[in-house]
Amino acid sequence: MSELKVYNTLSREKEIFKPLNAPHVGMYVCGPTVYSDVHIGNCRTIVSFDVIFRYLQYLGYSVRYVRNITDVGHLENDADEGEDKIAKKAKLDNIEPMEVVQKYTNGFHEVVELLNTLKPSIEPTATGHMVEQIEYVQGIINSGYAYVSNGSVYFDVEKYSEKYNYGEISGRKIEDLKNNTRDLKGQGEKKCPLDFVIWKKAEPKHTMQWNSPWGKGFPGWHLECSVMSTKYLGEEFDIHGGGMDLKFPHHECELAQNTACSGHSHSVKYWLHSNMLTLNGEKMSKSTGQFFLPKQIFEGTTELLEKAYSPMVVRFAMMQCHYRSTMDLSNDALLAAEKGLTRLKNGLEAIDSSKEGEESFFDINGIEASFKSAMDDDFNTPVLVANLFDVVKQINLAIKEEKLISKNDREALKSLFDVYLTQIMGVELNTNAQSDSDSNLVEDDLIQLAVDVRNQAKNNKDWETSDLIRDKLTKLGIQLKDSKDGTQWSK
RNA sequence: GGUUGCGUGGCCGAGUGGCUAGGCACAGGUCUGCAAAACCUGCUACGGCGGUUCGAUUCCGUCCGCAACCUCCA
């Protein structure tokens, strides 16, 4: 059997996954800043790490999955100036900052639940860890890698880089960074433009501020992740995940903070990054209108798509692309995923109509090995999906050619689909479309009535009537499927 | 300009130093009163130019193009 390999951004190689304290695994993933609706790109990251979380659990690890909610400290720009995003939104909507936080936290949860992601083990917030953050800032000051300036505390990147390697995640060199840093206003408090704020002095009118040894203020954006990962996973832990765009500066700063505070230069063993989602080849961006909200996809209310696609279709579309590749979301991609998912579902349902016998046409062990080796290869879901389709082809072929399948193999096959498609990739197949919503029982009966009437007409060779019923039902979005065994319908 | 990465058939998307995924679309077929659906079959691609090699889409160089990051972003 194969071993799990993960691509580590630090080494830029696939490495064999060996947890620090097996069977325990600690995983920290950067969650959203809750100042506006999550967009579908955010969701991709959450879904990617959801699959990783699920697979690690499948392998038998006991995973503590920590995913934060950023509810303070994320500034509008990187000059470490400007407003806190949440405070700004609160002012704009004329509500409390915590109302902003609650509203978008709820929205975020709703969407990721629709996408069938598992809840993290711990979902800590920045405001809930103010004491720890203040202590952490003090810790960095004590170790000599931070300085106080005009009521704010800055991380001393130059001093840090004398001993440690600032930039090792993103491959940047401190000299290049210095040369390429643009002149920004408000850098006066910093010794060097590369320094970043870990505690920011609040203006008197600022709506979110806390007392600290350096005066009233609030924590810097990168700080919370260092603090909360350390608190819940320890000074050294296994996996840190997030979107590619967080490599620099966020993760670079986070790693520097960890190292400065604890002295351990390898606080994170494996850095994993998921890639961006694009729309027509461009990164989704609110400022250019190149984006839509997850709900707009599910409800079909964006002009950028031809119709609505269910959360499961969206999730399956994501599974057809590797998490480290950019994924282009388009109507065609979603349509292909929708049809592909139907094919998978049909194939799975068809298993039951295969002929049972002593011998078996299927090589269950081989199939299982192919599924597992796909996932072991840095969570290669597109290959796993391809393997699932291969099995579907085998099933269909077996039925057509009346090959035999043993009872055990039939159950094993179903179980493999359940494990890899549903439990690991989190794609639920609604295999019983005609009774998935009990609120429409009357409607279902009415449809069945129409189908029965049509069949009667068919039996009388009254094609005019039967075609009329079929056409009307089609217009209502109900599809009829005639076969030897009678007429099936689906919505 | 710097950093990281990418360029695969009509589209989406894996992967590999030789055996060359998969889905969608398309074409043909089976089934059907006709259709639809379903299923079967077919469709052999890796940006340009050099180099290494018995052999490169896969390694190296170079050129062109694209993206992300270097400004808030998952």
Side-chain angles (χ1 to χ4, degrees), chain A residues 9 12 29-33 35-36 38-49 74-79 82-83 85 167 169-173 175-177 179-182 184 221 241-250 252 273-278 281-287 291 316-317 320-322 324-344 346-347 349-350 374 377 380-390 392-393 395-397 399-401 458 461-463 466-467 470-471 474 479-484 487-490:
Chain A
T9 306
R12 295 177 217 299
V29 174
C30 291
T33 301
Y35 70 104
S36 69
V38 270
H39 70 81
I40 192 67
N42 285 280
C43 295
R44 186 188 184 201
T45 301
I46 303 299
V47 168
S48 296
F49 285 97
H74 206 153
L75 298 181
E76 280 287 300
N77 65 58
D78 187 55
E83 272 185 291
K85 287 185 168 191
I169 296 173
S170 55
R172 284 166 166 80
K173 291 186 177 62
E175 292 77 21
D176 295 336
L177 285 170
N179 295 335
N180 285 305
T181 304
R182 298 192 318 192
L184 293 163
W221 171 40
M244 290 259 187
D245 50 350
L246 293 184
K247 277 190 199 173
F248 190 91
H250 183 58
E252 216 66 80
H273 290 98
S274 62
N275 216 134
M276 301 293 102
L277 199 60
T278 59
E282 273 176 63
K283 185 185 172 184
M284 290 207 184
S285 165
K286 289 184 185 177
S287 52
F291 89 108
F316 185 63
Q320 285 186 292
C321 178
H322 188 86
R324 279 193 293 113
S325 299
T326 51
M327 175 189 176
D328 196 48
L329 199 66
S330 63
N331 194 67
D332 285 349
L334 288 169
L335 197 63
E338 189 175 61
K339 295 196 174 180
L341 196 55
T342 304
R343 180 174 163 79
L344 229 41
N346 289 336
E349 285 174 345
D377 184 18
N380 199 329
T381 55
V383 168
L384 173 56
V385 170
N387 292 341
L388 288 168
F389 279 116
D390 282 339
V392 163
K393 183 164 268 186
I395 292 168
N396 289 327
L397 213 62
I399 292 165
K400 194 187 174 197
E401 298 181 358
K458 272 182 72 179
K461 295 198 192 300
D462 179 3
W463 310 128
S466 75
D467 287 355
R470 183 174 68 196
D471 292 347
T474 305
Q479 192 181 52
L480 299 190
K481 296 167 190 170
D482 291 337
S483 73
K484 285 175 202 158
T487 303
Q488 299 273 311
W489 60 267
S490 63

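Every chain is numbered from 1, with letters handed out A, B, ... down the list of sequences. Just so it is clear, the model here is predicted, and its values are computed rather than measured.
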Next item on the list: Could you pull out the closest heavy-atom pair between Arg44(A) and Met276(A), with the gap in Å?
Entry: NH1-O, 3.0 Å
Next item on the list: Kindly give the heavy-atom pair with the smallest separation between Arg172(A) and Leu177(A), and that separation in Å.
Entry: CD-CD2, 3.6 Å
Item checked: Minimum heavy-atom distance Thr9(A)-Lys247(A), with the two atoms named -> CG2-CE, 3.7 Å
Next item on the list: Calculate, to the nearest 0.5 Å, the distance between atoms OG and CG belonging to Ser48(A) and Leu277(A) respectively.
Entry: 9.5 Å
Check: So what does Leu246(A) hit on the nucleic acid, given a heavy-atom distance under 4.0 Å: a base, only sugar-phosphate, or nothing?
Finding: sugar-phosphate
Check: Which value, in whole Å, describes the distance between the C1' atoms of nucleotides G10(B) and U3(B)?
Finding: 35 Å
Note to self: Taking Met327(A)'s backbone N and O only, do any of them form a donor-acceptor pair with Thr278(A)'s side chain (distance below 3.5 Å, no angle check)?
What the structure shows: yes
Notebook entry, point to check: Quantified in whole Å, what is the P atom distance between nucleotide G9(B) and nucleotide G5(B)?
Noted result: 23 Å
Item checked: Spacing between Asp245(A) atom CG and C70(B) atom C1', to the nearest angstrom -> 13 Å
Item checked: Where Ala374(A) and Leu384(A) come nearest, the two heavy atoms and their spacing -> CB-N, 3.7 Å
Next item on the list: Give the rounded distance in Å between these two atoms: CZ of Arg324(A) and P of A74(B).
Entry: 21 Å
Next item on the list: With P as the reference atom in both, quote the distance from G61(B) to G23(B) in angstrom, rounded to an integer.
Entry: 36 Å
Next item on the list: Establish whether the base of C69(B) is bridged to the side chain of Arg172(A) by a donor-acceptor pair shorter than 3.5 Å.
Entry: yes
Next item on the list: Using a cut-off of strictly less than 4.0 Å, decide whether Ser325(A) has a side-chain nitrogen or oxygen near OP1 or OP2 of A14(B).
Entry: yes
Checklist line | Residue pair Ile169(A) / Glu252(A): nearest heavy atoms and the distance that separates them | finding: N-OE2, 3.1 Å
Notebook entry, point to check: Taking atom C1' in both C24(B) and G13(B), what distance in whole Å separates the two?
Noted result: 11 Å
Next item on the list: Provide the distance between the two C1' atoms, one in U62(B) and one in C26(B), to the nearest whole Å.
Entry: 38 Å
Item checked: Closest-nucleotide ordering on RNA chain B, the 5'-leading residue of Gly171(A) and Gly41(A) -> Gly171(A)
Margin query: Stacking between Trp463(A) and G33(B), defined as ring centres under 5.5 angstrom apart with planes under 30°, is that present or not?
Written below: yes
Check: Heavy atoms under 4.0 Å, any strand shown: does Lys173(A) hit a base, just sugar-phosphate, or nothing?
Finding: nothing
Check: With a 4.0 Å cut-off on heavy atoms, is Leu480(A) in touch with a base, just the backbone sugar-phosphate, or nothing at all?
Finding: base
Next item on the list: Pick base, sugar-phosphate or nothing for Ser170(A), based on heavy-atom distances below 4.0 Å to the nucleic acid.
Entry: sugar-phosphate
Margin query: Nearest whole Å is fine: how far is A38(B) P from Lys339(A) NZ?
Written below: 8 Å
Margin query: Roughly how many Å apart are A74(B) and C69(B), using the P atom of each and rounding to a whole number?
Written below: 11 Å
Next item on the list: State which of C34(B), C40(B), A21(B) makes the closest approach to the side chain of Pro382(A).
Entry: A21(B)
Checklist line | Derivation and outcome, side-chain contact (heavy atoms from CB on, under 4.5 Å), residues Asp467(A) and Arg470(A) | finding: CA-CA 5 Å; Asp467(A) 287 355; Arg470(A) 183 174 68 196; 3.5 Å; yes
Next item on the list: Only stems of 3 or more consecutive Watson-Crick or G-U pairs count here, both distances under 3.5 Å; name the ones for RNA chain B, or none.
Entry: B:1-7 with B:64-70, B:10-12 with B:22-24, B:26-30 with B:38-42, B:47-51 with B:59-63
Check: Can you tell which of A68(B), A21(B), U41(B) lies closest to the side chain of Leu397(A)?
Finding: U41(B)
Note to self: For a quick test of reading the model, state the closest non-hydrogen atom pair linking Ser274(A) to Phe49(A) and the distance between them.
What the structure shows: OG-CE1, 4.0 Å
Item checked: Atom pair distance, as rounded to whole Å: CG in Asn346(A) and P in C39(B) -> 5 Å
Check: OP1 or OP2 of A38(B) less than 4.0 angstrom from a side-chain nitrogen or oxygen of Asn396(A), does that happen here?
Finding: no
Checklist line | Minimum-distance nucleotide (side-chain atoms of Ala336(A) versus G13(B), G33(B), G23(B)) | finding: G23(B)
Item checked: Integer-rounded Å distance: G33(B) C1' and Asp482(A) CG -> 10 Å
Checklist line | Of Cys321(A) and Lys247(A), the one whose closest RNA chain B nucleotide lies more 5' | finding: Lys247(A)
Note to self: Quick check on G23(B): is either OP1 or OP2 less than 4.0 Å from any side-chain nitrogen or oxygen of Arg343(A)?
What the structure shows: yes
Margin query: I'd like to know whether Ile40(A) forms a side-chain contact (heavy atoms from CB on, under 4.5 Å) with Leu329(A), so could you lay out the CA-CA distance, the side-chain angles of the two residues, the decisive distance to 0.1 Å, and finally the verdict.
Written below: CA-CA 10 Å; Ile40(A) 192 67; Leu329(A) 199 66; 4.2 Å; yes
Next item on the list: Starting from P on A74(B), measure out to CE on Met244(A) and report it in whole angstrom.
Entry: 15 Å
Next item on the list: Return the value, rounded to whole Å, for the distance between atom CG of Leu384(A) and atom P of G22(B).
Entry: 15 Å
Margin query: Between G33(B) and Asp467(A), counting only base atoms on the nucleotide and side-chain atoms on the residue, is there a donor-acceptor pair under 3.5 Å?
Written below: yes
Notebook entry, point to check: Out of G22(B), C12(B), A36(B), which nucleotide sits closest to the side chain of Ala386(A)?
Noted result: G22(B)
Note to self: Among A74(B), C11(B), C70(B), which nucleotide has an atom closest to any side-chain atom of Leu277(A)?
What the structure shows: A74(B)
Item checked: Whole-Å C1' distance, U57(B) and U20(B) -> 9 Å
Notebook entry, point to check: Say you pick atom P in A35(B) and the same atom in G29(B); how far apart are they, in whole Å?
Noted result: 12 Å
Check: Rounded to whole angstroms, how far apart are NE2 on His250(A) and P on A74(B)?
Finding: 9 Å
